[in-house]
Number of protein chains: 2
Amino acid sequence: MKALFEDLKKELKLRKIQLSHQRLKVLEYLTQNRSHPTVDQIFTDLHQEMSTLSKTTVYNTLRVLVEAGLVRAINIEDHETRYDINVENHGHFKCESCGRIYDFHTDLDALACDGLNNFLIKDRNVYFNGICPRCR
Amino acid sequence: MKALFEDLKKELKLRKIQLSHQRLKVLEYLTQNRSHPTVDQIFTDLHQEMSTLSKTTVYNTLRVLVEAGLVRAINIEDHETRYDINVENHGHFKCESCGRIYDFHTDLDALACDGLNNFLIKDRNVYFNGICPRCR
DNA sequence: ATAATAGTTGTAATCATTATAGATTTGCAA
DNA sequence: TTGCAAATCTATAATGATTACAACTATTAT
Ligand SMILES: [Mn+2]
Ligand SMILES: [Mn+2]
Ligand SMILES: [Zn+2]
Ligand SMILES: [Zn+2]
């Protein structure tokens with residue numbers, strides 16, 4: 001189930017999204033860095049090997065990838081969006097102490113909820129806050 | 001169960017938090033405006049009747065109220081925090097079309113999740129995205 | 001009443017994100 | 001292959017929410 005770089009490339013081709021050098025680098029980065037990186041982390045790391053890369057391109061690429069459904073944007077306070085190559089049904093835990101974001105398995109579709117008749121649900125998110133084992 | 005202004009005032013006194021005119025106004029506003037307002041909405045509305053009110057005070061007050069556990073901060077993309085006087089177990093639905101945030105009832109504690117052994121969970125949040133009945 | 005503490009205010013600074021315009025690259029047709 | 005339009009990228013400026021700061025005011029304790 002793990003999103004493989006080669007599969008993702010095919011997916012982009014299918015959707016007629018150009019596979020530019022920059023886009024492939026960002027996509028590859030996300031498959032290799034599953035710690036929910038910020039734009040700044042992605043940019044800083046990639047800039048080491050691609051000195052001409054622009055932060056705007058990272059933003060643009062991420063928008064394209066999110067719109068294509070290949071990447072998920074995560075907003076857990078902080079006013080800084082993080083990105084996740086794993087778009088499957090899972091939850092996030094943010095440690096108040098170290099700031100790390102952990103994945104956990106959960107079936108959101110199983111969550112019973114009242115008051116959403118006639119609502120069209122496109123996306124479901126769960127996140128917890130607290131202290132991680134490493135920080136306790 | 002609905003958070004009543006008078007009860008909240010007592011709660012603040014208990015916690016030795018000064019009940020300044022500005023803080024009471026913000027608190028009262030939240031009890032009367034349960035549409036998850038932004039700082040800007042709170043400030044603009046209160047500024048009508050309190051022309052000396054500063055936006056910084058609104059920010060400061062909300063931080064105090066959130067830390068005291070009387071108010072919940074909600075971050076659903078948008079890079080603009082919204083505030084909720086309802087701190088009980090409930091979920092949020094954001095309409096992509098009109099931007100409204102709706103409450104829905106759900107029992108998050110009942111959600112089974114793997115991979116969080118030894119994690120100290122302090123807070124649980126769920127939010128859905130989609131289209132609301134009004135916009136369909 | 002006086003001094004110390006807490007809260008408020010207006011302004012400036014910060015920081016993530018978006019807009020813009022010119023430069024570069026790509027896809028495709030001649 | 002060559003030429004050109006469309007797409008993408010880059011650098012920089014603008015935006016907008018939030019925070020930092022310093023002076024001012026209100027509250028509390030002595
Ligand atoms: Mn994840
Ligand atoms: Mn709510
Ligand atoms: Zn931690
Ligand atoms: Zn709507």
Side-chain angles (χ1 to χ4, degrees), chain A residues 9 12-29 36-68 70-84 94 99 101, chain B residues 9 12-29 36-68 70-84 94 99 101:
Chain A
K9 269 169 76 171
L12 283 178
K13 257 187 193 146
L14 269 177
R15 291 166 189 261
K16 313 256 188 242
I17 294 172
Q18 267 186 47
L19 290 75
S20 74
H21 184 49
Q22 291 86 344
R23 286 179 181 169
L24 289 175
K25 278 294 184 183
V26 170
L27 194 57
E28 186 190 41
Y29 183 91
H36 313 95
T38 62
V39 167
D40 200 66
Q41 288 165 340
I42 298 168
F43 171 74
T44 304
D45 288 350
L46 288 180
H47 191 255
Q48 309 277 343
E49 39 172 325
M50 288 179 77
S51 60
T52 59
L53 180 67
S54 157
K55 195 178 263 189
T56 303
T57 299
V58 177
Y59 274 105
N60 290 339
T61 298
L62 289 168
R63 184 168 29 70
V64 168
L65 295 176
V66 167
E67 278 168 8
L70 273 72
V71 168
R72 180 197 289 205
I74 305 175
N75 290 85
I76 309 186
E77 46 232 54
D78 283 357
H79 327 296
E80 200 178 10
T81 304
R82 310 181 72 133
Y83 295 88
D84 194 347
K94 164 132 192 234
I101 294 184
Chain B
K9 270 169 76 171
L12 284 177
K13 258 189 191 145
L14 268 178
R15 293 166 187 262
K16 314 254 187 243
I17 295 172
Q18 261 186 53
L19 290 74
S20 73
H21 185 47
Q22 291 87 339
R23 287 179 179 168
L24 290 175
K25 278 293 183 184
V26 170
L27 194 58
E28 185 190 43
Y29 183 91
H36 312 96
T38 63
V39 167
D40 200 66
Q41 288 165 340
I42 298 169
F43 171 73
T44 305
D45 288 350
L46 288 181
H47 191 255
Q48 309 279 341
E49 40 172 325
M50 288 180 77
S51 59
T52 60
L53 180 67
S54 157
K55 195 179 264 191
T56 302
T57 299
V58 178
Y59 275 104
N60 289 341
T61 298
L62 289 168
R63 183 169 30 72
V64 168
L65 295 176
V66 167
E67 278 168 7
L70 273 71
V71 168
R72 179 197 291 204
I74 304 174
N75 289 84
I76 309 186
E77 46 231 53
D78 284 357
H79 327 296
E80 201 178 9
T81 304
R82 310 181 72 133
Y83 295 87
D84 194 347
K94 165 133 191 231
I101 293 184

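Just the heavy atoms: all of them, side chains too, but no hydrogens, waters or symmetry mates, feed the values below. Residue numbering restarts at 1 for every chain, and letters A, B, ... go by the order of the sequence lines.
Residue A:Ile17 contributes atom CD1, which lies 16 Å from atom C1' of D:dA6 at whole-angstrom precision. For A:Leu62 and D:dC9, the CG to P distance is 12 Å, given to the nearest whole Å. Rounded to whole Å, atom C1' of C:dT8 lies 14 Å from atom CG of B:Leu24. Here C:dT24 presents its P atom at 19 Å from CZ of A:Arg23, a figure rounded to the nearest Å. The separation between B:Lys16 atom NZ and C:dT5 atom P is 18 Å, rounded to whole Å. Rounded to a whole Å, the CZ atom of B:Phe43 is 13 Å from the C1' atom of C:dT8. The separation between B:Glu67 atom CD and C:dG7 atom P is 12 Å, rounded to whole Å. With rounding to whole Å, A:Lys25 atom NZ is found 17 Å from D:dC9 atom C1'.
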Any chance you could lay out the side chain to side chain contact (heavy atoms under 4.5 Å, CB included) test for B:Leu12 and B:Leu65, step after step, and finish with the verdict?
CA-CA 9 Å; B:Leu12 284 177; B:Leu65 295 176; 4.1 Å; yes
Check against side chain to side chain contact (heavy atoms under 4.5 Å, CB included), B:Phe43 and B:Thr57
CA-CA 9 Å; B:Phe43 171 73; B:Thr57 299; over 6 Å; no
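Closest non-hydrogen pair, A:His36 versus A:Gln41, comes out as O-OE1, 4.4 Å. Annotation for A:Leu53 and A:His47: closest pair O-CD2, 3.6 Å, computed over non-hydrogen atoms. Listed here is the closest heavy atom pair of A:Leu19 and A:Leu24: O-CD1, 3.7 Å. Among all heavy-atom pairs drawn from A:Arg82 and A:Thr38, the shortest one is CG-CG2, 4.1 Å.
Looking at A:Gln48, its side chain never comes within 3.5 Å of a backbone N or O of A:Asp45 through a donor-acceptor pair.
The side chain of A:Ser20 places no N or O atom within less than 4.0 Å of a non-bridging phosphate oxygen (OP1 or OP2) of C:dT25.
Note that CG of B:Asn60 and CZ of B:Arg23 are 8.0 Å apart. Values are rounded to the nearest 0.5 Å.
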Would you give a per-nucleotide map of nucleotides 10-19 of chain D, 5' to 3', where B means the base has a protein non-hydrogen atom under 4.0 Å away, S means only the sugar-phosphate does, and - means neither?
BBB----SBB
Which nucleotides of nucleotides 23-30 of chain D have their base under 4.0 Å from a protein heavy atom (B), which only their sugar-phosphate (S), and which neither (-), written as one string 5' to 3'?
----S---
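Residues forming a salt bridge (Lys or Arg N to Asp or Glu O under 4.0 Å) with A:Lys55 (at least two apart in sequence, or on another chain): A:Asp40.
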